[in-house]
Visitor: 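A single structure is presented below for examination.
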2 protein chains.
Amino acid sequence: MKEPPWKVGELARNTGMSVRALHHYDEIGLLRPSLRTAAGHRLYGRPDIERLQQIHSLRLMGISLEETKRLLDGAAASPRQVIDMHLARLHEQMAMQKQLVRRLKALADHLDTAKPLSLEELCKTIEEMMRVEKYFTPEQLDVMEQRRISVGEERMRTVRDDWNEIIPKVRAAMENGADPTSPEVLALARRWKVLVEEFTGGDPAIANAVKTMYNDDGPALQEKLGNVPTKEMFAYICKSIEALKS
Amino acid sequence: MKEPPWKVGELARNTGMSVRALHHYDEIGLLRPSLRTAAGHRLYGRPDIERLQQIHSLRLMGISLEETKRLLDGAAASPRQVIDMHLARLHEQMAMQKQLVRRLKALADHLDTAKPLSLEELCKTIEEMMRVEKYFTPEQLDVMEQRRISVGEERMRTVRDDWNEIIPKVRAAMENGADPTSPEVLALARRWKVLVEEFTGGDPAIANAVKTMYNDDGPALQEKLGNVPTKEMFAYICKSIEALKS
DNA sequence: TCTAAACCCTACCGTAACGTGAGGTGCAAG
DNA sequence: CTTGCACCTCACGTTACGGTAGGGTTTAGA
C-alpha cells in the first residue's frame with residue numbers, strides 16, 4: 001500500500017469503490033481530486049481520502065449523494081435533521097411496500113383457493129380488492145391481516161360458512177316481516193354479533209367501515225362475493241342487536 | 001360520458017391516468033390506440049380501454065410496465081409466478097430498508113445520548129457500527145433490537161453500568177493471577193453469565209458472534225468503546241463459567 | 001531505448017416511469 | 001376569422017452509477 005497521492009485505480013482498489021463511481025463523484029462535484037497530473041490523471045491526496053471515507057459512511061446510511069454533498073459542505077441542516085427526514089421517508093416507503101405485500105399475498109391466496117383464473121378475472125379481482133381496501137385505513141388492514149394470520153385458515157373457512165348460513169336466514173326473516181325482537185331473530189342477532197366481533201377484533205371502527213363498505217358498494221360486492229348483506233338487512237339486524245342489549 | 005372512441009384527454013379524465021402516462025404506454029408499446037385520426041390524434045376504442053383497466057390493475061400491484069406487457073401479451077410466466085417473484089423482491093427490499101432504519105435509529109440514539117458530535121466523529125461512529133454489524137446476521141440484529149425495545153432504556157443503562165463495573169474487576173483478577181475457580185471469581189462469572197444471557201436473550205449464536213467480534217476487532221473496539229474485554233479475559237472468564245457448571 | 005500491457009482520460013447511452021416544458025398543429029365556438 | 005383549448009412530437013430531467021468506445025499515458029520488462 002503506497003503513500004498518497006493515489007491514482008483513481010489505486011484508490012478504488014483500496015476502498016472497494018468502483019473507478020466509475022469515483023469519476024461520477026468528481027463529475028457531480030462531490031469529491032474532486034485535489035491534484036491532477038499534467039496529462040489530467042486524477043491524484044487523490046490524504047484529505048480527499050478522508051472525504052471519501054465520510055462519503056462512504058453516509059452512503060451506508062442510505063443518504064443520497066446530494067444530501068451527502070450538502071452535509072460535507074456544511075450547507076445542510078443538522079445531521080440529526082437529515083437522519084430524521086431520511087427515517088420518515090423510509091417509513092413511508094415501507095408502509096407502501098407493506099401495503100403491496102398485503103395485496104399480493106391476498107391475491108396469491110385467491111389464486112390458491114379459487115379455481116384457475118383468467119387474466120381478466122384476475123384483474124377484476126384486483127379492482128375488487130382496491131374497492132374494498134379504500135374503506136379501511138392501512139392500520140386497520142394491518143390489524144385485520146394479523147387477525148387472519150392468528151385465527152388460521154381453518155377457522156376462516158368455518159366463519160365463512162357461518163356467514164353463508166346466517167345471511168340468507170336474516171334475509172328470509174326480514175322479508176317475512178319477522179319482528180326483530182322475536183326470539184328467533186334475536187338468536188340470529190347473537191350469532192351475527194359474535195361473527196362481527198371475531199372478524200373485527202372488537203374494533204368498532206372496523207365494523208363501521210365494513211358497514212359503510214356494504215352500504216356504498218353493495219351492488220358491486222353482491223356481484224362479486226355473491227352473498228352479501230344489504231343496507232336494509234344491516235338496519236334490521238342492528239335493531240335486533242340493540243334489542244339484545246336490553 | 002361519451003361513447004368510445006375517446007381521445008387521450010377524455011380517456012385520461014375518465015381513468016385518472018395522466019395524458020403523459022398514456023403517451024408513455026404508447027411509446028413503449030404497452031397500449032397503442034387502435035385508431036388515429038387523420039391528423040394523428042390518438043383514438044382509444046373499447047378493447048383499448050379494457051386493456052388499460054388491466055394495466056391499471058397490475059400497476060396497483062406494483063408490477064412493472066415491462067412485466068405487465070409480458071403478462072398481457074401472454075409472453076410471461078404464469079401470474080402466480082410473477083406474483084411470487086414480485087413478493088420475493090419486495091421482501092428483499094424491505095429487509096434492506098429495515099436494516100437502514102435500524103442503523104439510522106441507532107445513530108439517532110447516539111446523537112441523543114452522547115455529547116454533540118462533529119461530522120467526522122459521526123462518520124467514525126457509522127464505520128464503527130458497520131464493523132460491529134458484520135458479525136451478526138440480519139435476523140440476529142432484529143432479535144437484538146427487539147430485546148432492546150422490550151428491555152427499555154433504563155435497564156439498558158444499568159446493564160452498561162454493570163459491565164463497566166465487572167470488566168475491570170475481571171481484568172484485575174486475571175492480572176493478579178487469581179484462580180478462576182476461586183469464590184470471588186466465580187461470583188464475577190455468575191454475574192457475567194447473567195449479563196450475557198440478558199443481552200443475547202439466551203441465544204448462544206449471538207453470544208458466539210459477540211465473542212468473535214471482540215476477538216477479531218478487539219483493538220478497534222477498545223479504542224471506540226473504551227472498556228472492552230480482551231481475548232484473554234474471555235478465555236479466563238469462560239474457564240470460570242465452566243467451573244460454575246460443575 | 002523500445003514496446004506492449006496496464007492504466008488513464010472524456011464522452012455518450014442506458015436504466016423506470018413518467019413530469020415538464022417547447023414549439024407546432026387541429027378543431028369547435030363566438 | 002380568430003381565440004383558445006386539446007392535441008401532436010420531440011427532448012431533457014430525475015438516481016447513482018454500469019458499460020463501452022476511442023484515444024492518450026505510464027510503466028515494467030526485454
Side-chain angles (χ1 to χ4, degrees), chain A residues 2 5-44 48 52 55-72 82 85-86 89-90 92-93 96-97 100, chain B residues 2 5-33 35-44 48 52 55-72 82 85-86 89-90 93 96-97 100:
Chain A
K2 278 184 47 194
W6 286 338
K7 296 169 77 171
V8 63
E10 297 167 317
L11 183 57
R13 266 193 301 282
N14 288 322
T15 60
M17 325 245 2
S18 74
V19 170
R20 187 63 185 84
L22 294 171
H23 281 178
H24 183 60
Y25 295 166
D26 190 1
E27 269 172 36
I28 63 172
L30 175 57
L31 177 66
R32 359 201 65 138
S34 39
L35 285 173
R36 292 262 193 162
T37 68
H41 288 196
R42 292 169 179 81
L43 291 177
Y44 293 86
D48 300 331
L52 180 57
I55 293 169
H56 180 235
S57 300
L58 296 173
R59 295 257 57 217
L60 285 175
M61 305 311 266
I63 310 282
S64 75
L65 297 187
E66 191 58 33
E67 290 258 43
T68 299
K69 194 163 102 169
R70 279 203 293 270
L71 264 171
L72 293 185
V82 171
M85 283 174 51
H86 200 54
R89 267 198 300 275
L90 280 172
E92 231 177 291
Q93 281 185 33
M96 286 176 48
Q97 290 182 342
L100 272 186
Chain B
K2 280 183 48 192
W6 287 338
K7 297 168 81 171
V8 268
E10 297 167 317
L11 184 57
R13 266 192 302 281
N14 289 321
T15 60
M17 326 243 2
S18 73
V19 170
R20 184 60 180 91
L22 293 171
H23 282 179
H24 183 59
Y25 296 166
D26 189 2
E27 271 173 36
I28 63 173
L30 174 58
L31 177 66
R32 0 200 65 138
L35 285 173
R36 292 262 192 162
T37 69
H41 289 198
R42 292 170 177 81
L43 292 177
Y44 293 86
D48 300 332
L52 180 56
I55 292 169
H56 180 234
S57 301
L58 296 173
R59 294 258 56 218
L60 285 175
M61 305 311 265
I63 311 282
S64 74
L65 297 186
E66 191 57 41
E67 290 258 44
T68 299
K69 194 162 100 168
R70 279 202 294 269
L71 264 172
L72 294 185
V82 171
M85 283 174 50
H86 200 54
R89 266 198 302 275
L90 279 173
Q93 282 185 31
M96 286 177 48
Q97 290 182 343
L100 271 187

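In what follows, chains are A, B, ... by sequence order, proteins preceding strands, each numbered from 1. Bear in mind that the values here come from a model prediction, so they are computed numbers and not experimental data.
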Visitor: What is the distance, to the nearest angstrom, from the CD atom on B:Glu10 to the P atom on D:dC7?
Guide: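 Taking atom P of D:dC7 as the reference, CD of B:Glu10 is at 7 Å.
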
Visitor: From the list D:dC7, C:dG26, D:dT26, which nucleotide is the closest neighbour of the side chain of B:Ala39?
Guide: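 Closest of the options to the side chain of B:Ala39: C:dG26.
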
Visitor: What nucleic acid atoms does B:Val19 come within less than 4.0 Å of, heavy atoms only: base, sugar-phosphate, or nothing?
Guide: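 Counting heavy atoms under 4.0 Å across all strands, no contact is made by B:Val19.
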
Visitor: Please determine whether a side-chain nitrogen or oxygen atom of B:Arg36 lies at a distance below 4.0 Å from atom OP1 or OP2 of D:dT9.
Guide: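 Yes, within the criterion.
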
Visitor: Compare side-chain N and O positions of A:Tyr25 against OP1 and OP2 of D:dA16 and report whether any pair is under 4.0 Å apart.
Guide: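 So the side-chain polar atoms of A:Tyr25 never come under 4.0 Å of the phosphate oxygens OP1 or OP2 of D:dA16.
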
Visitor: Any non-hydrogen side-chain atom of A:Arg20 less than 4.5 Å from a side-chain atom of A:His24?
Guide: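 Yes, side chains in contact.
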
Visitor: NZ/A:Lys69 to CD1/A:Ile63 distance, rounded to the nearest 0.5 angstrom?
Guide: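 One gets 16.0 Å once the value is rounded to the nearest 0.5 Å.
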
Visitor: Given atom CG of B:Leu11 and atom P of D:dC8, what is their separation to the nearest angstrom?
Guide: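 It is 11 Å, rounded to the nearest whole Å.
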
Visitor: Measure from the side-chain heavy atoms of A:His41 and tell me the nearest of D:dT25, D:dC8, D:dA16.
Guide: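 Closest of the options to the side chain of A:His41: D:dT25.
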
Visitor: Under a 4.0 Å threshold between the charged nitrogen and the carboxylate oxygen, would B:Arg70 count as salt-bridged to B:Glu67?
Guide: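 Counted as a salt bridge, because a side-chain N and a carboxylate O are separated by less than 4.0 Å.
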
Visitor: Which nucleotide in the list D:dT9, D:dC17, D:dG18 gets nearest to the side chain of B:His23?
Guide: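 That would be D:dT9.
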
Visitor: Would you mind reading off the distance between B:His24 atom NE2 and C:dG21 atom C1', rounded to a whole angstrom?
Guide: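 One finds 17 Å between C1' of C:dG21 and NE2 of B:His24, rounded.
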
Visitor: Can you tell me which nucleotide in C:dC8, C:dG19, C:dC12 comes closest to the side chain of B:Arg20?
Guide: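 Looking only at side-chain atoms, B:Arg20 lies closest to C:dG19.
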
Visitor: Without decimals, in angstroms, what is the distance between B:Arg59 CZ and C:dC18 C1'?
Guide: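 Computing the B:Arg59:CZ to C:dC18:C1' distance gives 10 Å.
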
Visitor: Is there a side-chain contact between A:Pro33 and A:Tyr44, using heavy atoms and a 4.5 Å cut-off?
Guide: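 Touching, per the 4.5 Å side-chain cut-off.
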
Visitor: Select one nucleotide: of C:dC9, D:dT26, C:dG19, the one nearest the side-chain heavy atoms of B:Ser18.
Guide: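 Comparing C:dC9, D:dT26, C:dG19 against the side chain of B:Ser18, the answer is C:dG19.
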
Visitor: Would B:His86 and B:Arg89 count as having a side-chain donor-acceptor pair, cut-off 3.5 Å?
Guide: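 Side chains of B:His86 and B:Arg89: pair found under 3.5 Å.
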
Visitor: To the nearest angstrom, how far is B:Glu67 atom CD from C:dT15 atom C1'?
Guide: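 Spelled out: CD on B:Glu67 to C1' on C:dT15 is 16 Å.
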
Visitor: The side chain of A:Arg42 lies closest to which of these nucleotides: D:dC7, C:dC9, D:dA16?
Guide: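 The answer is C:dC9.
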
Visitor: May I have the distance from B:Glu27 (atom CD) to D:dC7 (atom P), rounded to whole angstrom?
Guide: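 In whole Å, D:dC7 P lies 16 Å from B:Glu27 CD.
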
Visitor: Considering heavy-atom distances to DNA chain C, does B:Glu66 or B:Lys7 have its closest nucleotide positioned more toward the 5' end?
Guide: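 Closer to the 5' end of DNA chain C: B:Glu66.
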
Visitor: Nearest to the A:Arg13 side chain among C:dC7, C:dC9, C:dA17, which nucleotide is it?
Guide: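 In terms of side-chain proximity for A:Arg13, the closest of C:dC7, C:dC9, C:dA17 is C:dC7.
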
Visitor: Grab the NE2-P distance between B:His56 and C:dC18 for me, whole Å please.
Guide: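 To the nearest whole Å, that distance equals 11 Å.
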
Visitor: Can you measure B:Tyr44 atom OH to D:dA6 atom C1' for me and round it to whole angstrom units?
Guide: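 Nearest whole value for this atom pair: 14 Å.
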
